[in-house]
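The structure appears right after this line, and notes come after that.
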Amino acid sequence: MSRFKGADFYQIDDLFSEEERMARDSVRDWVDAEFIPIIEEHNRNATFPSELIPQLGEMGVLGASLQGYGCAGMSPVAYGLILQELERGDSGLRSFVSVQGSLCMYPIHAYGSEEQKERYLPKMATGELIGCFGLTEADFGSNPGGMLTRAEDKGDHYLLNGSKYWITNGCIADVAIVWAKLDGEIRGFLVDKGTPGYSTNTIKNKFSLRASVTSELIFADCKIPKENILGEISGLKGPLSCLSQARFGIAFGTVGSAMAVYDEALRYSQTRIQFDRPIARFQLVQEKLIWMVSEITKGQLLAWRLGRLKESGKLHHSHISMAKRNNCWMALECCRKARDLLGANGITDEYQVMRHMCNLESVITYEGTHDVHGLIIGREITGENAIL
Amino acid sequence: MIEIPAFLHWFALLAQGPGRAAAPTLQLVIKVMDIVVCVKRVAATDSQIKIAADGKSLDPAGIEFVLNPYDEIAVEAALAAKEQFGDSTVTVVTLGSADAQKELRTCLAMGADKAVLINDGGRSQDAFSTAETVADYLKGTAASLIFCGKQAVDGDESQFPPRLAELLGMPCVTEITSLTLEDGSLVAERDIEGAREVVNCSLPAVISTNKGLNEPRYANLKGIMAAKKKPLEEIEAAAIDPATSIESLSLPPARSEGKIVETVDQLVDALKNEAKVL
């Protein structure tokens, strides 16, 4: 099989700088050579390919958009294209990198003390330390502000009690960024693995993101040293600012999933013979491919513009909502059309379409559901808040 | 008295042994080596090739251009040599149009220190003029170890490395699959028909690299960021005419559709009378 070339019907490549294309191509080659050959096996066995973590560190994809502390300092668009290529491999791989970079390294970089940055960031950039992000609770998903997890100031330490659910990387993390209420206000705490009172459980039997670790975090009278609070931020805007970073990445990442299944469906339609001709010669088959390539093109342009808005400091969080919402939906619809086009063959893991489709059922829900992102846009255009 | 090879710059660090007030002794020798890699921008082998209107060249539209895969191996070998010898520089050199800057940047992102584009404005070159032009440039440098891919996957001529070595008056070891660098010399292995050859060679030398020598590294993101700040020098190519010219270029004939026969007799008949292989 020849190398993956993405989809570029509209010569969108011309909109990227040489450095952005190089970053994308380098990660694309890595995914082809190192990840694609092993992903189906990990997906079958529901294991995360942790053997690749040092390579991800070596490539520089962990915290790639951050400056200093061993991070690459890439432009927003370059970072987005990196995530596009990783998600072309699997949403679980992109999730790992998003959690490490956008949800864990970003808040330490933005809100941490110099000592915290020095302690965590260089080793997180190399993958020697893994992070997880604890905001969602079993009963508080779209409404994180209602969280029950509490921290108490005990003079020489904080005492943490509560639990977090649906936490990517939880069981393999060396440090958890945990959001909890301290005197009624949401604050961030760095909880190191092995802290007494901190334990994790694996959430099993998932149909989606099988090659990704999903966990529950439990804090029972967990003593947190005073220096482990993120001192520079309080309130819901702390975790939401991290989520904005991660959602930005998903807007690009899901374009990668869509490209993967479009590429697979296109090749299949050109070689699959029915009624003595390749099925690509049938109008209804072409219609599906046309839909896919058109929506992918629109999604690419949404993501590209999102990156340029971020670069120029004009980005509003509702822009991210539009791109995340549209591109998750678009990618999931591409999967459904591609699966249909592949017929019965599409349901086995000889083809990647069902894996991507199942993964995207998580991606369209996590980091703000499709509907909540819609209501964020609605609030922006009408001035009326329909979320509550 | 240490004999200093002309192609190496030697620095002697003088250090005193601990607790001794005696005369300083020579403790450590660090040498600086100028390593050069000659690379070429080629059409990716999975490109759909179209012949240009002149019937003698490729139509570049729709073709993806990449760094010649054997040259990637050469770059990796040069970077490994630098890592072994420490304070050395790796310079990548190419002959071509300004478009080849992309491939040079890729080499810089992999870890090369500087790049030189000998710009010929994209005019056609053959192995003769390419080797003459690159040698013309390298003669003015202190290059002591020169790596090239064993062949470019577009023309497949394998002429450049030995021609370059000849013009520079250096020994040449081609198509190596293993390399051990020592002070002032190297030992390389080559896969030859039915056997493995071990070659000893003094430096300076021209080495051409074969598959199996190493696994080229990926350009990592920090390397890509660093590459922007590394020097990419552009010089004008000397006016050297090619010694050969391409008369015409044509694609192999399209394969005709297969034929399904009903019986063995028909098959034998077709093989005998149509394919004429029996």
Side-chain angles (χ1 to χ4, degrees), chain A residues 1-6 8-9 11 13 16-35 52 54-75 77-83 85-86 97 101 122 125-127 267 276, chain B residues 39 41-49 60-69 71-73 75-76 79 83 92 98-112 115 117 153 211 214-230 232 234 257-260:
Chain A
M1 195 161 123
S2 61
R3 292 168 308 138
F4 179 76
K5 295 200 181 71
D8 189 12
F9 189 78
Q11 297 174 33
D13 254 23
F16 303 134
S17 70
E18 186 184 26
E19 166 200 321
E20 288 161 353
R21 285 193 294 264
M22 270 174 85
R24 178 198 62 192
D25 292 347
S26 198
V27 175
R28 179 175 287 176
D29 290 346
W30 179 84
V31 168
D32 267 340
E34 312 292 336
F35 186 77
L52 295 182
Q55 289 186 43
L56 291 169
E58 172 61 30
M59 286 287 290
V61 305
L62 305 176
S65 62
L66 302 175
Q67 297 286 343
Y69 306 97
C71 302
M74 305 299 291
S75 75
V77 171
Y79 181 59
L81 292 173
I82 291 162
L83 297 184
E85 293 309 313
L86 295 174
V97 171
T126 59
R267 288 169 194 266
D276 300 327
Chain B
V39 302
R41 167 185 167 90
V42 298
T45 49
D46 58 355
S47 298
Q48 291 282 339
I49 300 292
I63 293 185
E64 188 194 355
F65 287 92
V66 296
L67 180 63
N68 178 36
D71 298 347
E72 280 183 21
I73 299 170
V75 172
E76 178 61 40
L79 297 174
E83 281 157 10
V92 283
D99 291 336
Q101 284 180 5
K102 171 178 160 273
E103 283 65 39
L104 291 176
R105 287 274 174 225
T106 301
C107 298
L108 293 174
M110 286 173 76
L117 168 63
V153 296
K211 216 183 279 181
N214 55 43
E215 276 295 320
R217 66 194 68 186
Y218 296 97
N220 73 23
L221 302 179
K222 271 192 269 182
I224 291 169
M225 293 300 280
K228 283 196 296 189
K229 299 187 187 86
K230 289 179 179 175
L232 196 163
E234 206 170 314
E257 249 182 73
K259 180 178 174 185
I260 295 171

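Keep in mind it's a predicted model, so treat the numbers as computed, not measured. Chain A is the first sequence line, chain B the second, and so forth, proteins listed ahead of strands; every chain is numbered from 1. Only this structure's heavy atoms are used, side chains among them; waters, hydrogens and symmetry mates stay out.
A/D29 CG to A/R24 CZ: the interatomic distance, rounded to the nearest 0.5 Å, is 10.5 Å.
Of the two parts of B/K102, the backbone and the side chain both hold a non-hydrogen atom closer than 4.5 Å to a non-hydrogen atom of chain A. Heavy atoms closer than 4.5 Å to chain A are found nowhere in B/R217, neither backbone nor side chain. Using a 4.5 Å cut-off between heavy atoms, A/E58 touches chain B through backbone and side chain atoms alike. With a 4.5 Å cut-off on non-hydrogen atoms, B/E64 touches chain A through its side chain but not through its backbone.
Heavy-atom proximity under 4.5 angstrom to chain B picks out A/A64, A/G70 from residues 62-70 of chain A.
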Steps toward side chain to side chain contact (heavy atoms under 4.5 Å, CB included) verdict (A/E19, A/M74): CA-CA 9 Å; A/E19 166 200 321; A/M74 305 299 291; 4.3 Å; yes

Would you sort out whether B/L232 and B/Q101 count as a side chain to side chain contact (heavy atoms under 4.5 Å, CB included), showing the intermediate values? CA-CA 8 Å; B/L232 196 163; B/Q101 284 180 5; 4.2 Å; yes

Please evaluate residues B/Y218 and A/V27 with respect to the criterion side chain to side chain contact (heavy atoms under 4.5 Å, CB included), reporting the C-alpha separation (whole Å), side-chain torsions for both, the decisive distance (0.1 Å), and the verdict. CA-CA 8 Å; B/Y218 296 97; A/V27 175; over 6 Å; no

Can you check side chain to side chain contact (heavy atoms under 4.5 Å, CB included) on A/L81 and A/F16, steps first, answer last? CA-CA 10 Å; A/L81 292 173; A/F16 303 134; 3.9 Å; yes

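Using a 4.5 Å heavy-atom cutoff, the side chains of B/V75 and B/P216 are not in contact. By the 4.5 Å heavy-atom criterion applied to side chains, B/E103 and B/V39 are not counted as neighbours.
Between A/K5 and A/D13, no side-chain nitrogen of the basic residue sits less than 4.0 Å from a carboxylate oxygen of the acidic one, so the salt-bridge criterion is not met.
The residue among B/T45, B/N220, B/T106 with the most heavy atom pairs within less than 4.5 Å of chain A is B/N220.
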